[in-house]
Amino acid sequence: MECNNCSHKDGFSDKNCISSVPIFSNLTEEEVCQIAEITISRQYKKGENIYLAGEKSDRLYVIHIGKVKISRISESGKEQIIRLLGPGDFMGELSLFTSTILNSNAEVLEDATICVIEGEKLRYIINQNPTIATKIIEELSMRLQNAENLIESLSLYDVEQRVADILLKMAGDKDEIVLSMTRKDLAAHIAMSQETLSRKLSFFQEKGWIYQIGHRKINIL
C-alpha cells in the first residue's frame, strides 16, 4: 500500500509526524498510512491553548514541531506544571481509554505543528494492533514514575534542595544548562514563585556553585 494521501498541499506529511512517535515505531508502512489518513495537522502560535481542563476530548495530539507545557491550576490560581513536551511526544491519551473530561491544560510554548488523531478511529486500529496500546501503557508508566518523583521532591525537599535537584536533573552529565522554558515556568514546575527561584539562583551563584549567563544559560561549577 502506498501512502498517496499522507501529504498535504503545503508539503507537510502526516506520515512523517506519525513515524516520529515512539508508540507507533513498530507499525508497518500500511498501518502508518492508516493512522495518517485519520490525522489532521494544526498550527498553533506561542501562548495558544490546545485544550483546557474541563473540556471533553476524543483525540490524541502528537507534537511534530514546537514545545507544549501540560499544567494544572489550583483553586487559588496557582499553576503547577506537570510536564514539558517536545517533538514526538503525545498528549490526550487518557481520552482513548476513558470518557472522563480533561483535567489539565495544554499550552504552546513556541509556535507548533500538532497532529490531531481521531480517537474513535484510532481505537479501532489499536484493537487490530495491540502493540500500540502496550507502548502507550509503557509511556504512561514512565510519566507516573516521573510524577511520583516530583511529588516526593515537593513533599520531602526544602526550597534549596528542590532548586539543586532540578538543576542537576536538567544538566545530566553536562556542565551547562540551556533552559527550554522561562524561569517563571521552571519555578511553577517545582512549586515556588519566580522571585524565590531567582533569589536561590543568585544565592547559588554567590556560593560559587553555578554561574548564570543571561536568562537561559546556567553553568554548573
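The chain is numbered in sequence order, starting from 1. Computed from a predicted structure; not experimentally measured. Basis for what follows: all heavy atoms, side chains included, without hydrogens, waters or symmetry-related copies.
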Identify all side-chain donor-acceptor contacts of residues 213-221 below 3.5 Å with residues at least two apart in sequence or on another chain.
residue : atom : partner : partner atom : Å
R216    : NH1  : L179    : O            : 3.4
R216    : NH1  : M181    : O            : 2.6

**OP:** Kindly indicate, with the supporting measurements, whether the criterion side chain to side chain contact (heavy atoms under 4.5 Å, CB included) is fulfilled by I73 and N105.
**Re:** CA-CA 8 Å; I73 307 296; N105 308 304; 3.6 Å; yes
Subject >> Residues R162, D158; criterion salt bridge (Lys or Arg N to Asp or Glu O under 4.0 Å); working and verdict >> reply: CA-CA 6 Å; R162 295 207 301 272; D158 63 23; over 6 Å; no
Original post:
Given V116 and T39, is the side chain to side chain contact (heavy atoms under 4.5 Å, CB included) satisfied, shown in steps?
Top reply: CA-CA 5 Å; V116 185; T39 300; 5.9 Å; no
Subject >> K45/E48 under salt bridge (Lys or Arg N to Asp or Glu O under 4.0 Å): CA gap, chis, key distance, verdict >> reply: CA-CA 6 Å; K45 295 293 184 182; E48 280 192 81; over 6 Å; no
**OP:** Dump the intermediate steps for side chain to side chain contact (heavy atoms under 4.5 Å, CB included) on V68 and M91, then the final yes or no.
**Re:** CA-CA 10 Å; V68 174; M91 53 204 160; 3.9 Å; yes
**OP:** Any chance you could lay out the side chain to side chain contact (heavy atoms under 4.5 Å, CB included) test for I125 and I38, step after step, and finish with the verdict?
**Re:** CA-CA 10 Å; I125 295 176; I38 61 171; 4.0 Å; yes
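Here the NZ-CD1 distance, from K69 to I81, works out to 4.5 Å after rounding to the nearest 0.5 Å. The CD atom of E110 lies 5.0 Å from the NZ atom of K67; values are rounded to the nearest 0.5 Å. Taking OH from Y61 and CD1 from I50, the interatomic distance works out to 8.0 Å, rounded to the nearest 0.5 Å. Atom-to-atom distance recorded for E160:CD and K200:NZ is 4.0 Å, nearest 0.5 angstrom. Note that CZ of R199 and CE of M192 are 10.0 Å apart. Values are rounded to the nearest 0.5 Å. From Y51, atom OH reaches atom CZ of R59 across 12.5 Å, with rounding to the nearest 0.5 Å.
Shortest non-hydrogen contact noted between H64 and P87 is O-CB, 3.6 Å. Of all the heavy atoms in D111 and K46, the pair that sits closest is OD1-N, 2.9 Å. Looking at every heavy atom in both residues, S57 comes nearest to L102 through CB-CD1, 3.7 Å.
V159 and F204 end up in the same hydrophobic cluster when Ile, Leu, Val, Met, Phe, Trp and Tyr side chains are linked at under 4.5 Å.
Annotation for L144: hydrophobic cluster partners, listed by chain and number, are none (ILVMFWY side-chain heavy atoms under 4.5 Å, direct or chained).
Taking the six-membered ring where tryptophan is involved, the planes of F203 and W209 are perpendicular, since the angle between them exceeds 60° and thus also 30°.
With salt bridges taken as basic N to acidic carboxylate O contacts below 4.0 Å, none links D58 and K121.
Annotation: E120, atom CD; neighbour count of heavy atoms from other residues, nucleotides and ligands within 6.0 Å does not exceed 12.
In this structure, S104 has no side-chain hydrogen bond (donor to acceptor under 3.5 Å, both in side chains) partners at least two apart in sequence or on a different chain.
T182 is not listed as a side-chain neighbour of L109, based on a closest heavy-atom distance of 4.5 Å or more.
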